[in-house]
Amino acid sequence: MTAPHTGEAGIVGKSCVRSHGGGSRANRVPLCLEPLFAAHDYLARMLDLSVAKLLSDPSSHLGKAVRVKGWVRTRRDSKAGLSFVQLSDGSCFDALQIVAESSLANYAAEIQRLCAGCAIIVEGEVVPSHGKGQSVEVKASRVEVIGWVADPDTYPIQPKPHSFEYLREVAHLRPRTNTFGAIGRVRHCLAMAVHRFFHERGFCWIHTPIVTGNDCEGAGQMFRVSTLDFLNIPRTSEGKVDFSQDFFGRETHLTVSGQLNVETWCAALSKVYTFGPTFRAENSNTSRHLAEFWMIEPEIAFASLVEDAQLAEDLLKFMFTALLAERGDDMKFFADRIDKGCIARVESLVASPFERMDYSDGVRHLEAAIAKGHKFDYPVKWGTDLQSEHERYLTETLVGRPVILMNYPKEIKAFYMRQNDDGKTVAAMDILAPGIGEIVGGSQREERLDLLDRRIEEMGLDKAAYWWYRDLRRYGTVPHAGFGLGFERTIIYATGMANVRDVIPFARTPKSCEF
RNA sequence: UCCCUCAUAGCUCAAUUGGUAGAGCGGGCGGCUGUUAACCGCCAGGUUGCUGGUUCGAGUCCAGCUGGGGGAGCCA
């Protein structure tokens, strides 16, 4: 028996019928997954259901015939003549208990050989559960094995706690674990909340470029983008690499920020944001750094640092409100197994206003702490960047919740930040979060061309390279401001996960890009 | 990149002053049970990250390398 696999409607539905008893694994006929447009035959006699839908309203499904698809978490046999299969389709945290009785045709041959990782389709009736731990279960009338686990002995995901370090080595299978399933849903929930927040407030999502010809976007090492033949690099007469022969006819890199580009659209659409991947080629080996990470960068016209800070606070509160409302199941897991205080932390962030503090006042607080005997490894001095330990003191010890630190010395901040009237500081802000450090970095931008040019010169940058950025200040310039929110750091803060490598599907870090 | 630390079965870990490798989980088989981190018994499973050195003898000591973790810097 060979089932046609053409995917054509009409043919497939009927030819998918097959015997369930016996048959070696090797000879098993591959299942044809009915295309959606042929599914009405099935819909007519049973629901096609996600585990989330079923478990979110179990009583309304009681007594109904359903069809669920997913992957086996565990199987427990009872010699009373039935097996329990935990089925997960990733639609929610909980798995669905399937009860398969020995009267099923393929019980001995297949169901009793199910193990973690097997893909199955189950048809059956939703019934009240006899056991504890779940209110309903599905009494199977048919269990079809779609994909076996080739070698159960070495299937990397076992029904037991694994270390996150180990799971990074099997990043293609770690989405099947409780933790990473939860991370995937939380990440999606937060991303959609970001878009909803901005959309509801009249912002446009601007797709800023990934490849940039601007080699001075900001500090930090960039990844080169090139199609030149490494074994035969064209040279100029001075012996330098001849980038005029490269794909774009110039030297290009992966972007480290969408900000400069999004500012141009801000100067036309007023309220804009970017949300996409950014790339840093720094050799950073910490739990908070990735070479490829996602960042949200809004930019608002006719706005100052005050509105900028309020926007950042409102965005974070909106995201976390959505998280609590939509992913209570996953957050409960994080509270149970990862970080006991995570739900309380998210709730308190939503409930209380962020503390606002001038950099200068922050320094004064730190100096007062030292006077009272608090020990820091590094000295505190106005005009220098705060060390991690200083930031931690302010947000964790002094305030106990996020702090918006504002108006930094201009020497330690980027050239485009707006100079304050005191001549010493710029309208910059960082939001520091307990346990994480800097989660947001932003500023009001310098909209005055002469002052911008002076900073470009003072910092030894090439004015010509910023010609289009400077044009914005020549043609209808307006005060504007924006910030960057690190998406992975936000997820860490919400879930209590310890490492950014475990809140992104595939982490890119120095010496690590297997998947 | 710097400092500290780690690398033993598919996974999590043991192995005394250097004396030739062990448990739990997972897997296979059997038993038992409306089970739910199930339980009980048996079985299989290892070039101890790599390269070199010291030694009669190295999982153990030394050097280098590779990779992981923690901290720092850079930043989000």
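Sequence lines set the chain letters: A, B, ... in the order given, protein chains first and strands last, and positions in each chain run from 1.
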| query | Taking all atoms of both residues into account, what is the closest heavy-atom pair of A:Q387 and A:Y378, and its distance? | reply | CG-CB, 3.5 Å
| field | For atom CG of A:D94 and atom C1' of B:rU36, their distance in whole Å | value | 12 Å
| task | Could you tell me whether A:R174 contacts a base, only the sugar-phosphate backbone, or nothing, with contacts defined as non-hydrogen atoms closer than 4.0 Å? | result | nothing
| Cation-pi, A:F93 ring and A:R185 (6.0 angstrom, 45 degrees) | no
| request: Assign A:L485 to base, sugar-phosphate, or nothing according to its heavy-atom contacts below 4.0 angstrom with the strands shown. | output: nothing
| Just checking A:S83: base, sugar-phosphate only, or nothing, at a heavy-atom cut-off of under 4.0 Å? | nothing
| query | With a non-hydrogen cut-off below 4.0 angstrom, is A:H162 in contact with a base, only sugar-phosphate, or nothing? | reply | sugar-phosphate
| Over all atoms of both residues, closest heavy-atom pair of A:R174 and A:R501 | NH2-O, 3.2 Å
| message | Counting the atoms with a prime plus P, OP1 and OP2 as sugar-phosphate, which does A:F84 contact under 4.0 Å by heavy atoms, base, sugar-phosphate, or nothing? | response | base
| Face-to-face contact A:Y155 to B:rG10 six-ring, under 5.5 Å, under 30° | no
| said: For the residue pair A:E263 / A:H480, report whether a side-chain donor-acceptor contact shorter than 3.5 Å exists. | reply: yes
| request: Report which part of the nucleic acid A:Q97 touches: base, sugar-phosphate, or nothing (heavy-atom distance under 4.0 Å, all strands). | output: base
| request: Using a heavy-atom cut-off of under 4.0 Å over every strand shown, decide if A:S163 touches base, sugar-phosphate, or nothing. | output: sugar-phosphate
| request: With heavy atoms under 4.0 Å as the rule, sort A:Y378 into base, sugar-phosphate or nothing. | output: sugar-phosphate
| Would one find a side-chain N or O of A:Q387 under 4.0 angstrom from OP1 or OP2 of B:rG73? | yes
| Which is true for A:E165 with a 4.0 Å heavy-atom rule: it touches a base, it touches only sugar-phosphate, or it touches nothing? | sugar-phosphate
| said: Over all strands shown, is A:E137 touching base, sugar-phosphate only, or nothing at heavy-atom distances under 4.0 angstrom? | reply: base
| Distance (rounded to the nearest 0.5 Å) between A:E438 CD and A:L485 CG | 11.0 Å
| request: Determine: side-chain N/O of A:S284 to OP1/OP2 of B:rC75, distance under 4.0 Å, yes or no. | output: no
| request: Give one of base, sugar-phosphate or nothing for A:T490, where a contact means two heavy atoms less than 4.0 Å apart. | output: nothing
| query | Base, sugar-phosphate, or nothing for A:V440, non-hydrogen atoms under 4.0 angstrom? | reply | sugar-phosphate
| message | Considering every strand and a 4.0 Å limit on heavy-atom distances, what is the contact class for A:N499: base, sugar-phosphate, or nothing? | response | sugar-phosphate
